[in-house]
Amino acid sequence: MTNDQPHLQRAIALARANVAQGGRPFGAVLTRNGEVLVEAVNEIHLTQDPTAHAELLAIRAASRQLGARLDGCVIYASGQPCPMCLSAMYLCGVERVVFAASNEMAEPFGLSTAAISQQVGLPIGAQRLPIQHLPDSAMTALYHQWKTLHDPE
């Protein structure tokens, strides 16, 4: 049985330190086979980059070490990962996610991403953000070109 508490407590400690330095209460620890590969904190306050979430920064750093696939990795996060971070976890093959604070816990503090999760779960035409699909046949040829270059012979 996996003991997640030490890694989760480290993510919380990172979040605590980030708050003390003027940042948001989010920290992440990325592990593989129980070994810490990367630690990160939310850096929006430093970079003004709205995608500088702790989980995404951990994924980016780990990918520089291991490549684009993070199979077998676990992410420990102080807060419930947002849809953007979850999407990145799916894309890179993270095996498991463990988090401390739920969106419900974060809501009174303005830190919940539940509304975003709800929006991205809707069909494109029902989302609040106007999203327009303009099909272009050139993309089919481009996809074929890519597949030809990346398919094993």
Side-chain angles (χ1 to χ4, degrees), residues 2 4 7-8 11 14-15 18 22-153:
T2 303
D4 294 318
H7 297 309
L8 187 59
L14 290 166
N18 202 41
R24 295 181 184 201
F26 300 110
V29 176
L30 190 145
T31 68
R32 185 162 70 175
N33 300 323
E35 298 295 320
V36 174
L37 297 179
V38 176
E39 295 181 343
V41 295
N42 182 296
E43 293 183 0
I44 293 173
H45 68 294
L46 297 174
T47 64
Q48 299 307 307
D49 174 356
T51 69
H53 292 199
E55 300 93 331
L56 272 185
L57 295 176
I59 288 169
R60 291 172 185 159
S63 295
R64 285 191 292 273
Q65 294 175 25
L66 304 174
R69 294 298 306 167
L70 299 180
D71 300 312
C73 291
V74 177
I75 290 184
Y76 296 87
S78 59
Q80 185 170 342
C82 74
M84 174 182 65
C85 292
L86 281 174
S87 295
M89 291 175 202
Y90 278 107
L91 286 169
C92 70
V94 164
E95 180 176 285
R96 199 162 63 91
V97 182
V98 180
F99 65 92
S102 67
N103 274 326
E104 293 78 18
M105 184 185 297
E107 181 65 36
F109 306 97
L111 297 170
S112 172
T113 58
I116 298 169
S117 294
Q118 187 270 337
Q119 280 296 304
V120 298
L122 295 173
I124 288 176
Q127 293 182 31
R128 187 180 62 215
L129 178 67
I131 303 170
Q132 185 176 7
H133 175 212
L134 293 175
D136 191 313
S137 60
M139 288 307 300
T140 302
L142 184 57
Y143 282 2
H144 280 293
Q145 179 185 0
W146 178 86
K147 186 166 178 47
T148 300
L149 292 171
H150 291 88
D151 266 354
E153 298 288 323

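Quick caveat: nothing in here was measured; it's all calculated off a predicted structure.
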Side-chain donor or acceptor of [X] paired with backbone N/O of [Y] under 3.5 Å:
X	Y	result
T31	G34	no
N18	R24	yes
S78	L14	no

Nearest heavy atoms of [X] and [Y], plus distance in Å:
X	Y	result
A54	F26	CB-O, 3.8 Å
A58	L30	O-CD1, 4.1 Å
L70	S63	CD1-OG, 3.9 Å
S112	E107	CB-OE1, 3.1 Å
A52	L57	O-CD1, 3.7 Å
T113	P83	OG1-CD, 4.0 Å

### Message
Atom CZ of residue position R60 - does it have more than 12 heavy atoms of other residues, nucleotides or ligands inside 6.0 Å?
### Response
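It does: R60 CZ has more than 12 such atoms within range.
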### Query
Excluding sequence neighbours, so at least two apart, what forms side chain to side chain donor-acceptor pair (under 3.5 Å) with H150?
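Applying side chain to side chain donor-acceptor pair (under 3.5 Å) to H150 gives W146.
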List the atom pairs, with distances to 0.1 Å, where a side-chain N or O of residues 119-143 and a protein N or O form a donor-acceptor pair under 3.5 Å, not counting sequence neighbours.
from	atom 1	to	atom 2	distance (Å)
Q119	OE1	R128	N	2.5
Q127	NE2	L122	O	3.0
D136	OD1	A138	N	2.9

Between atom [atom1] of [X] and atom [atom2] of [Y], what is the distance when rounded to the nearest 0.5 Å?
X	Y	atom1	atom2	answer
E104	Q80	CD	CD	6.5 Å
L149	H144	CG	NE2	13.0 Å
R64	L66	CZ	CG	11.5 Å
L86	L56	CG	CG	10.0 Å

Does [X] reach the side chain of [Y], with side-chain heavy atoms less than 4.5 Å apart?
X	Y	value
H53	I44	yes
L37	C73	yes
L91	I59	no
R96	Y76	yes
H7	V98	no

### Query
Under the side-chain contact (heavy atoms from CB on, under 4.5 Å) criterion, do V97 and M89 qualify, and how do the steps go?
CA-CA 9 Å; V97 182; M89 291 175 202; 3.2 Å; yes
